[in-house]
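A quick write-up on the structure given underneath.
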Amino acid sequence: MKTDREAPVGVFDSGVGGLTVAREIMRNLPSEKIVYFGDTARVPYGNKSRETVIRYSHQICRFLQEQQVKAIVVACNTASAFALDAIRDDFDIPIIGVIEAGAKVAAARTRNKRVGIIGTVGTVGSGIHAEYLRKLDPEITVFGKACPLFVPLVEEGWLHDPVTTEVAARYLRELQDKKVDTLILGCTHYPLLRSTIREIMGEDVCLVNPAYETALELGRLLAEKGLSSTGAQQKEFPYRFFVSDLADEFKEFANSILPYDVEMTKKIDIEKY
């Protein structure tokens, strides 16, 4: 069956962090409709097992398939690390994650071949960024640092708070000591702390935002598959948001970071899928 190029793109995350990916898609691919799912009942994924993350990802993809999406963006680093291959095998639509695009840019931009990656315990522990980077350039040395407090600080809205600056300084000192010249923001929440991270790491360190790079990668993929939207049939609001819990809290956070007001967020029972 031919896929409708005017169908929406599915985007999912363990919670609200993937909204940074949705935001970049809105900015860079304004003709595309989006169906976003945030698994707010089961967040975080970073401390879950690989098997659990794969099961959750399958459920969400089945839900998005029901919404007749034409492609899926796994806007969660942990799900991209643990589940991407499994869901690509089981669903017959284009699926991309947020890790590969960021790794390509980091490999291209590093000058001293010393690349840092910050993320959740699960993402950093998976070693997936190091694996991608070494395939691209075997001379690259990767230094990972889990920063588990960044997510609750972002969700608390403490983006420019002295506490956040102190926590970031303590986490990032190790990577400063390793003399990395490129740093991948390996969790979808972290671009919201970009200015704090920039202040600590300095202007000479290249910060790679995988949310932005993934939006560009999605644009290339849709064009290659002949699935780019023409922007026609835009009669209603082009973005729909679903969550597994806490719809009002999600909507409030979404409205604080997205370029459009979220009119409605619907709670669904993801366990049915």
- Message: Using a 3.5 Å distance criterion without hydrogens, assess whether the side chain of Thr164 forms a donor-acceptor pair with backbone atoms of His160.
- Response: no
- Query: Mind checking whether Leu207 and Arg198 have side chains closer than 4.5 Å, heavy atoms only?
  - Reply: yes
- May I have the step-by-step check of ring-ring contact (aromatic ring centres under 6.0 Å, His included) for Phe37 and Phe242, ending in yes or no? CA-CA 5 Å; Phe37 177 80; Phe242 298 87; 7.8 Å; no
- Query: For Ser49 and Thr52, does a side-chain donor sit closer than 3.5 Å to a side-chain acceptor?
  - Reply: yes
- Task: Look at the side chain of Arg109 and the backbone N and O of Thr182, then say whether any donor-acceptor pair between them is shorter than 3.5 Å.
- Result: no
- Item | Polar side chain donor-acceptor pair, Thr165 to Thr196, under 3.5 angstrom | no
- Message: To the nearest 0.5 Å, what is the distance between CD1 on Ile60 and CD1 on Ile87?
- Response: 8.5 Å
- Item | Glu6 backbone acceptor or donor facing Asp4 side chain under 3.5 Å | yes
- Side-chain heavy atoms of Ser229 within contact of Glu32, under 4.5 Å: yes
- Task: Take Val21 and Val98, measure what side chain to side chain contact (heavy atoms under 4.5 Å, CB included) needs, and give me the verdict at the end.
- Result: CA-CA 9 Å; Val21 179; Val98 285; 4.0 Å; yes
- Query: Looking only at heavy atoms, which two atoms of Cys187 and Thr120 are closest? And how far apart?
  - Reply: SG-CG2, 4.3 Å
- If you measure only the distance, is there a donor-acceptor pair under 3.5 Å linking the side chains of Glu24 and Thr214? no
- Query: How long is the span from the CG atom in Leu172 to the SG atom in Cys147, to the nearest 0.5 Å?
  - Reply: 6.0 Å
- Can any side-chain N or O of Arg5 pair as donor or acceptor with the backbone N or O of Ser228 at less than 3.5 Å? yes
- Message: Among Arg111, Lys113, Lys104, Arg114, which residue satisfies the salt bridge (charged side-chain N to carboxylate O under 4.0 Å, His left out) criterion with Asp137?
- Response: Lys113
- Please assess Glu271 against Arg42 for the test salt bridge (charged side-chain N to carboxylate O under 4.0 Å, His left out), listing each intermediate value before the final yes or no. CA-CA 11 Å; Glu271 293 289 0; Arg42 305 185 294 196; 3.1 Å; yes
- Message: Looking at every heavy atom in both Gly102 and Ile184, which two are closest together, and how far apart are they?
- Response: O-CD1, 4.3 Å
- Query: Heavy-atom count around Glu249 CD within 6.0 Å, excluding the residue itself: above 12?
  - Reply: yes
- Message: Just by distance, no angles: are the side chains of Asp245 and Thr40 close enough, under 3.5 Å, to form a donor-acceptor pair?
- Response: no
- Would you give the length of the straight line joining atom CZ of Phe82 to atom CZ of Arg50, rounded to the nearest 0.5 angstrom? 5.5 Å
- Task: Could you tell me whether the side chain of Ser14 reaches within less than 4.5 Å of the side chain of Cys76, counting heavy atoms only?
- Result: yes
- Minimum heavy-atom distance Thr110-Val115, with the two atoms named: CB-CG2, 3.8 Å
- For Lys178 and Phe143, indicate whether the former's side chain and the latter's backbone hold a donor-acceptor pair under 3.5 Å. no
- Message: Let me check something: do Tyr45 and Leu149 share a hydrophobic cluster, defined by ILVMFWY side-chain heavy atoms less than 4.5 Å apart, either directly or through other members?
- Response: no
- Query: Do you know which two heavy atoms are closest between Ile34 and Pro8, and how far apart they sit?
  - Reply: N-CB, 4.2 Å
- Query: According to the interplanar angle, ranging from 0 to 90°, do the rings of Tyr273 and Phe63 count as parallel (below 30°), tilted (30 to 60°) or perpendicular (above 60°)?
  - Reply: perpendicular
- Task: State whether the number of non-hydrogen atoms from other residues, nucleotides or ligands found under 6.0 Å of Asp204 atom CG is greater than 12.
- Result: no
- Query: Donor-acceptor pair, Asp181 side chain versus Asn112 backbone, under 3.5 Å?
  - Reply: yes
- Query: Given Arg134 and Ile140, is the side chain to side chain contact (heavy atoms under 4.5 Å, CB included) satisfied, shown in steps?
  - Reply: CA-CA 6 Å; Arg134 286 192 198 108; Ile140 289 176; 5.6 Å; no
- Can you tell me if Thr20 uses its side chain to pair, donor with acceptor, with the backbone of Thr188 under 3.5 Å? yes
- Measure across Val11 and Ala75 and return the closest heavy-atom pair with its distance rounded to 0.1 Å. CG1-CB, 3.7 Å
- Item | N/O donor-acceptor pair under 3.5 Å between Ser80 side chain and Val74 backbone | yes
- Query: What heavy-atom pair brings Gly186 and Ile117 nearest, and what distance separates the two atoms?
  - Reply: CA-CD1, 3.6 Å
- Check whether any side-chain N or O of Asn209 sits under 3.5 Å from a backbone N or O of Pro191 as a donor-acceptor pair, and report yes or no. no
- Query: When clusters are formed by joining ILVMFWY residues with side-chain heavy atoms under 4.5 Å apart, either directly or through shared neighbours, do Leu227 and Val73 land in the same one?
  - Reply: yes
- CG of Leu183 to CD of Gln176, rounded to nearest 0.5 Å, is 10.0 Å
- Could you state the interatomic distance from CG (Leu153) to CG (Leu192), rounded to the nearest 0.5 Å? 12.0 Å
- Message: Suppose we screen for side chain to side chain donor-acceptor pair (under 3.5 Å). Which residues come up paired with Glu174, at least two apart in sequence or across chains?
- Response: Lys145
- Message: Does Tyr171 form a ring-ring contact (aromatic ring centres under 6.0 Å, His included) with Phe150? I'd like the steps, not just the answer.
- Response: CA-CA 10 Å; Tyr171 279 147; Phe150 278 179; 5.3 Å; yes
- Task: Please indicate whether Asp269 has more than 12 foreign heavy atoms, meaning atoms of other residues, nucleotides or ligands, lying under 6.0 Å from its CG.
- Result: yes
- Query: Do Phe241 and Glu263 come close enough that some side-chain heavy atom pair is under 4.5 Å?
  - Reply: no
- Hydrophobic cluster membership, Leu222 vs Leu216, 4.5 Å side-chain cutoff: no
- Query: Any side-chain heavy-atom pair from Val124 and Val121 closer than 4.5 angstrom?
  - Reply: no
- Item | Stepwise side chain to side chain contact (heavy atoms under 4.5 Å, CB included) check, Ile118 with Leu185 | CA-CA 6 Å; Ile118 53 175; Leu185 309 182; 4.0 Å; yes
- Note, Gln67 side chain near Arg240 side chain (heavy atom, < 4.5 Å): yes
- Among side-chain atoms of Asp39 and Ser244, is any donor-acceptor pair under 3.5 angstrom? yes
- Query: Atom OH in Tyr260, atom CZ in Arg23: separation rounded to 0.5 Å?
  - Reply: 13.0 Å
- With the 4.5 Å side-chain cut-off for hydrophobic clustering, are Tyr36 and Leu246 part of the same group? no
- Does a side-chain heavy-atom distance below 4.5 Å link Arg194 with Ile197? no
- If Ile, Leu, Val, Met, Phe, Trp and Tyr residues are connected whenever their side-chain heavy atoms lie under 4.5 Å apart, and connections chain through other members, are Val154 and Met201 in the same group? yes
- Query: Can you check whether Asn47 reaches Pro44 side chain to side chain, under 4.5 Å on heavy atoms?
  - Reply: yes
- Give the ring-plane orientation class for Phe253 versus His189, where under 30° counts as parallel, over 60° as perpendicular and anything between as tilted. tilted
- Begin from the C-alpha positions of Thr123 and His129 and carry the test side chain to side chain contact (heavy atoms under 4.5 Å, CB included) through to its verdict. CA-CA 8 Å; Thr123 299; His129 286 86; 3.6 Å; yes
